[in-house]
Amino acid sequence: MTRQKFIDQLLKGSRRKPGTRGEAFAPANIALCKYWGKRDAELNLPANSSLSISLGKLGTRTVVKFAKNADRIFLNGKPAPKAFTRRVLAYLDLFRKKGQFFEVRTKNNIPTATGLASSASGFAALIQALNELMGWKLRPRELSMLARLGSGSAARSLYDGFAVWHAGQRPDGMDSYAEAVDSAWPALRIGILEVSAARKEPGSTEGMNRTRETSELYQAWPAQAACDFDELRAAIAAKDFPMFGKTAENNAMAMHATMLAAWPPLCYWKPRSLALMQKVWEVREYGFELYFTMDAGPNLKLLFLENDARTVRKLFPKVQIVTPFPKA
Ligand code: 2P0
């Protein structure tokens, strides 16, 4: 099935009463059970289900309007860089009618120094703004499937707090959507440790394709991910922090192990990444409940509870602490 057919099917029967403007905010998210590998590249369907935590007020705000003669794309108040513009236009092409142009104004409040990807919050904000502009009145579940076409992890950025993105089984992808996990954990903290803010090489799409195609260890991944997904859900429901941290960290290490066994090998770690991992393991030997997760990049995201924030700050003076469940 093509993307276009998928979209036609999803929008069939939806209301189409365009407005004049759409605006939305979407949070960035960090996967605790990672999405790694696609079962269908055209429809961007994942090989495994994933689970994430959204970063509260850190994310992307986007305003979309109709434009007269040409598309106009802005990022943080300035005309957007070429690569960004190209990606947004390719996505808008999926939805535009002939002769229709858009003005898109996007702002990220994720400090670039964190090295956190903004494509997830970016596509999640864009599709919600488009939903309002086009008057589709789609629900978050359907919007998550459309966000997925821009970037897989964007499906999970439709929600605050914990979110799951179901891999689904259907070839048409209609069962691969994200939904919120109805469980708040106000004491949970994420600590971002930046090792490098440079653009990751290669990008995750290429990284996961190469891993899936060449890594023998990848065969073990879907089963581990399925198991970790269930364990994390159980740990969240029971607020069992050691089980939560252990499962998330082990899931990240397993994902990186599949990459190391790819050819050419993929190693996103820098020497400092490894030094930080070893520091976490060392303090855990002394009974301190600190864990980490890592994505397709060199930075660490620490996982800990509110009461340990002071100690984490002492151990890692440069840490940026995020509260994923901010008080309203
Ligand atoms: C995740 N990552 O679950 C995993 C963990 C990176 C490592 O989702 O190809 O930019 O656009 O669907 O969403 C990053 O991949 O990939 C990602 P595409 P995306 O967060």
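Just follow the structure's listing: the first ligand is 1, and inside any ligand the first atom is 1.
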S.K.: Between Leu32, Asp295, Thr293, Asn44, which one has a non-hydrogen atom sitting closest to atom 5 (C) of ligand 1?
M.R.: Asp295

S.K.: Under 4.0 Å from a heavy atom of Ser204: give me the atoms of ligand 1 that qualify, with their elements.
M.R.: 14 (C), 15 (O)

S.K.: Can you name the side-chain contact (heavy atoms from CB on, under 4.5 Å) partners of Asn250, sequence neighbours left out?
M.R.: Gln224

S.K.: Can you check whether Val312 reaches Phe316 side chain to side chain, under 4.5 Å on heavy atoms?
M.R.: yes

S.K.: Could you work out, for atom 4 (C) of ligand 1, the closest of Phe123, Tyr35, Tyr268, Trp165 by heavy-atom distance?
M.R.: Tyr35

S.K.: Which of these, Glu206, Lys38, Met259, has its nearest heavy atom closest to atom 18 (P) of ligand 1?
M.R.: Lys38

S.K.: So does Glu231 pair up with Arg233, basic N to acidic O under 4.0 Å?
M.R.: no

S.K.: Kindly say whether Tyr218 contributes a backbone atom to a donor-acceptor pair with the side chain of Arg212 at under 3.5 angstrom?
M.R.: no

S.K.: Ser151 heavy atoms, cut-off 4.0 Å: which ligand 1 atoms fall inside?
M.R.: 10 (O), 11 (O), 12 (O), 13 (O), 19 (P)

S.K.: Answer yes or no on whether Arg105 is positioned over the face of Phe74, meaning its NZ or CZ is under 6.0 Å from the six-membered ring centre and within 45° of the axis.
M.R.: yes

S.K.: Is the shortest side-chain N to carboxylate O distance from Glu23 to Arg61 below 4.0 Å?
M.R.: yes

S.K.: Mind checking whether Met294 contacts ligand 1 via backbone (N, CA, C, O), side chain (CB onward), both or neither, at a 4.0 Å heavy-atom cut-off?
M.R.: neither

S.K.: Report yes or no: does Arg148 have a heavy atom closer than 4.0 Å to ligand 1?
M.R.: no

S.K.: Run the numbers for me: atoms of ligand 1, each under 4.0 Å from some heavy atom of Ala296, listed by number.
M.R.: 7 (C)

S.K.: Quick check with a 6.0 Å cut-off and a 45 degree axis cone: is Lys301 positioned over the face of Phe292's six-membered ring?
M.R.: no

S.K.: Report, in ascending order of atom number, the atoms of ligand 1 lying under 4.0 Å from any heavy atom of Met208.
M.R.: 15 (O), 16 (O)

S.K.: Would you mind running through ligand 1 and noting each atom that sits below 4.0 Å from a heavy atom of Ser153?
M.R.: 8 (O), 13 (O), 19 (P)

S.K.: With atoms numbered from 1 as shown, which atoms in ligand 1 lie under 4.0 angstrom from a non-hydrogen atom of Arg156?
M.R.: 1 (C), 3 (O), 20 (O)

S.K.: Show the atoms of ligand 1 that are less than 4.0 angstrom away from any heavy atom in Lys34.
M.R.: 3 (O), 5 (C)

S.K.: State, with a plain yes or no, whether a side-chain heavy atom of Lys107 is found less than 4.5 Å away from one of Phe25.
M.R.: no

S.K.: In ligand 1, which numbered atoms sit nearer than 4.0 Å to a non-hydrogen atom of Ala31?
M.R.: 1 (C), 3 (O), 20 (O)

S.K.: Salt-bridged, Arg210 to Glu213, with N to O below 4.0 Å?
M.R.: no

